Amino acid sequence: MEVLAPAGGWEALEAAVRAGADAVYLGGQAFGARASAKNFSREELKAAVEYCHARGVRVHVTVNTLLKDHELDSALDFVQFLCALPVDAVLVQDMGLWRLLRQRAPALPLHASTQMSLHTPAGVRLVKELGGSRAVLARELALDEIREIADSCSIELEAFVHGALCMSVSGQCYLSAMLGGRSGNRGQCAQPCRLPFAGPGGTGHDLSLKDLSFMEQISRLRESGVCSAKIEGRMKRPEYVAAAAAACRLAADGEAIPPELARSLEAAFSRSGFTDGYLTGRRGRSMFGTRRKEDVTAATEKVYASLRNLYRGERQSVPTALCLSQEGGFLVLTAQDQEGRVASAKIPAEGSRLPRERCLQQLGKTGGTPFRAASVQVPEEGAPIGVAGLNALRRQVLGELLAARAQRLAIPFTPIPLTWDQPEPPAQPLGMRAVFRSAKQLCPQARACEAIALPVETGLGVLKNLRQEGWPLLVLDLPRAIFGGEKELRRRMEACMAAGFGDFLCGNLGAVQLCRELGARAHGSFGLNIANSAAAEVFCQLGLASAELSFELSNRELARLRPPPGMALGLMVYGRQPLMLTRNCPLANGPGGCQNCREPGALADRKGARFPVVCRSRGQYGVELLNSVPLWLGDLRESLPPWAFGILRFTVEDAEHCGQILQGFQSAAPLGGPFTRGLIRTGVK
């Protein structure tokens with residue numbers, strides 16, 4: 001089991017390595033999902049990679065933000081630099097960048113970031129097919145669901161074992177973007193979820209979860225098919241990193257975590273203690289927690305001082321064979337590591353003979369280095385050398401071996417120029433498509449749509465009646481959250497296809513792959529996070545007939561996009577934008593736990609704004625937190641891309657209200673009541 005630790009800066013890097021991490025993950029100055037961490041300059045990255053490789057520690061670099069068209073060249077240049085170092089893996093979220101890297105650096109190990117929202121066997125199978133070597137799983141998975149994924153696909157699986165839990169599925173949170181223009185998908189999350197959001201009977205912080213800790217049961221992760229235990233915390237102190245890495249190292253090696261270390265780790269950082277609710281399937285009120293005063297005051301200087309002892313000196317973790325021999329008039333010392341790297345040095349043999357036992361003793365003193373003398377060979381008669389000379393010879397040889405271990409061959413990277421062959425598509429009337437939460441919302445005005453989407457859970461009898469009544473193309477909306485429900489969903493899709501309904505709306509990679517495996521016609525929704533032309537091309541090649549672009553893009557950024565030939569692109573023009581996709585319902589933080597709501601509930605923020613909470617299939621397919629006011633772009637039609645179609649998303653509206661909105665969109669009328677323009681004018685950081 002690999003222990004994978006965070007490194008937000010150089011001291012945290014040293015702390016992770018010296019406390020026992022097998023690998024570290026870190027970011028550069030851009031394109032990482034933790035922009036607020038110290039991160040590393042290019043010079044620091046080079047030094048960090050050499051430092052880690054010399055000590056047998058792997059380095060994974062995060063390039064896991066969504067990219068805009070004008071950023072792709074810079075991102076490719078950065079990864080070319082990483083290949084030259086070389087790093088051991090690059091974590092990616094953006095599907096466009098993924099495709100471009102597979103073309104330019106096919107030998108570079110790509111890890112699918114947790115920002116890809118991977119939580120189904122089909123999604124992980126798609127990552128494997130696209131050339132991924134590892135999938136970082138969604139934090140919300142239970143152990144049996146991880147095992148199902150492992151059994152379905154031979155790919156490395158990485159799972160979080162300790163650290164902060166976001167309320168939303170990673171990659172599906174738009175709360176920070178919509179409330180403050182800082183996108184979590186671009187590493188700029190302002191963590192508004194830690195502010196007061198109150199549901200009925202809740203604590204008032206109903207979007208704030210405790211931190212995860214599953215270290216003491218790490219063997220259960222291994223048994224479920226996980227090969228890498230990941231510690232969250234690139235923005236946390238080095239002392240926290242050291243404590244978490246040391247505890248995880250012990251647990252991974254089958255040793256008990258000392259109570260004092262466990263207490264110190266909790267003191268270094270926790271939110272009302274820890275939870276393992278997702279992995280064990282015990283979701284509900286017990287998972288919620290905040291950073292209390294006692295959590296803050298527990299982190300005393302005494303605690304930090306004790307934790308700094310964990311990384312005060314080198315960890316002697318690199319086994320080395322040392323051999324001292326005499327060749328003619330010279331003494332030769334050779335050091336060899338387990339990978340076969342060899343360093344040697346010689347000095348004239350002179351002076352009184354040092355006994356063999358003393359030679360063995362001095363050569364075994366590798367303190368201050370990462371080396372451990374696994375074996376030492378010395379002539380039976382000892383060696384003609386003084387203690388100081390032998391010590392100097394040992395230091396020289398081990399220094400040369402350390403330098404040799406730091407050097408690796410670069411990963412080939414072909415700098416193919418980035419060009420878009422597609423001409424600007426001709427202008428066309430803004431088409432209209434609608435997504436409904438229920439067939440009860442259908443209204444006569446919806447007949448003017450090109451297509452309407454209804455939940456895949458809609459009864460076949462209802463769908464057949466709509467088809468007989470001559471409604472537009474019926475697209476079945478697949479859930480964005482499928483946790484543990486892929487087999488049932490596949491059966492439902494097969495039944496729909498057998499009845500002649502073969503178009504599906506996909507909001508995650510797993511849904512896309514299910515459509516490919518079943519031969520269905522796929523359409524993409526905002527959950528795919530298509531933010532650049534290269535990403536649109538990827539999904540076109542995966543067979544999507546149409547796709548909705550990210551609603552984090554501005555008008556100027558949309559104008560740069562080029563739709564791939566044969567695939568239509570659209571954008572949301574009306575609806576309460578989904579701000580979070582959660583597995584643990586925020587309304588479950590009340591005294592009675594989950595309410596199994598049949599109708600939408602709501603959370604109120606500290607200003608009194610109410611954010612609807614919509615449960616899909618009574619929680620089977622997740623819960624969405626919606627914006628407090630709807631988006632409206634219907635009267636800005638002339639400023640929208642001339643090639644796009646408009647998507648109207650209906651959630652809490654009744655049929656009459658839906659009809660009014662559709663009619664208003666057709667006439668480009670202003671929207672009555674409060675609304676937002678979203679990010680169409682400003683975009684996100």
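Here the structure is a predicted model, which is why all the values come from computation and not from measurement.
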Is a side-chain donor-acceptor pair under 3.5 Å present for [Y] with [X]?
X    : Y    : value
H162 : D211 : no
H205 : T290 : no
S117 : N508 : no
Q441 : D654 : no

Practice task
Could you tell me whether R291 sits above the aromatic face of F269, with NZ or CZ closer than 6.0 angstrom to the six-membered ring centre and within 45 degrees of the axis?
Solution key: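 Because its charged atom sits under 6.0 Å from the ring centre and within 45° of the axis, R291 does stack over F269.
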Handout entry: R576 to F675, cation-pi by 6.0 Å centre distance and 45° axis angle
Key =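 R576 over F675 ring: no.
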Problem - Heavy-atom side-chain contact between I661 and L671 under 4.5 Å - result: yes
Practice task
Check whether any side-chain heavy atom of V684 lies under 4.5 Å from a side-chain heavy atom of F551, and answer yes or no.
Solution key: no
With sequence neighbours excluded, residues passing side chain to side chain contact (heavy atoms under 4.5 Å, CB included) with [X]:
X    : value
E266 : S270, F274
S554 : R556, E557
A30  : none
A602 : R610

Problem - Any pair counted as ring-ring contact (aromatic ring centres under 6.0 Å, His included), so long as it reaches residues 633-659, sequence neighbours left out - result: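 Of all non-adjacent pairs touching residues 633-659, those that pass ring-ring contact (aromatic ring centres under 6.0 Å, His included) are F436-F650, Y574-F650.
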Problem - T62 side chain to N64 backbone, donor-acceptor under 3.5 Å - result: no
Problem - S183 vs E552, side chain to side chain donor-acceptor pair (under 3.5 Å): CA-CA, chis, key distance, verdict - result: CA-CA 8 Å; S183 171; E552 292 188 346; 2.8 Å; yes
Fill in the blank from the handout: Residue pairs meeting side chain to side chain donor-acceptor pair (under 3.5 Å), one or both in residues 442-460, sequence neighbours left out, come to R433-E450, E457-R616, E457-S617
Exercise for the section: Please check if atom CD in E656 has more than 12 non-hydrogen atoms from other residues, nucleotides or ligands closer than 6.0 Å. Expected result: no
Exercise for the section: Could you tell me whether Q666 atom CD has more than 12 heavy atoms of other residues or ligands within 6.0 Å of it? Expected result: yes
Exercise for the section: May I ask you to say whether R649 pairs ionically with E548, meaning some side-chain N is under 4.0 Å from a carboxylate O? Expected result: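 Salt bridge flag = yes for E548 with R649.
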Exercise for the section: For side chain to side chain donor-acceptor pair (under 3.5 Å), just list the numbers for S208 and R194, CA-CA rounded to whole Å, side-chain angles, deciding distance to a tenth of an Å, and then say yes or no. Expected result: CA-CA 5 Å; S208 181; R194 302 297 181 184; 2.9 Å; yes
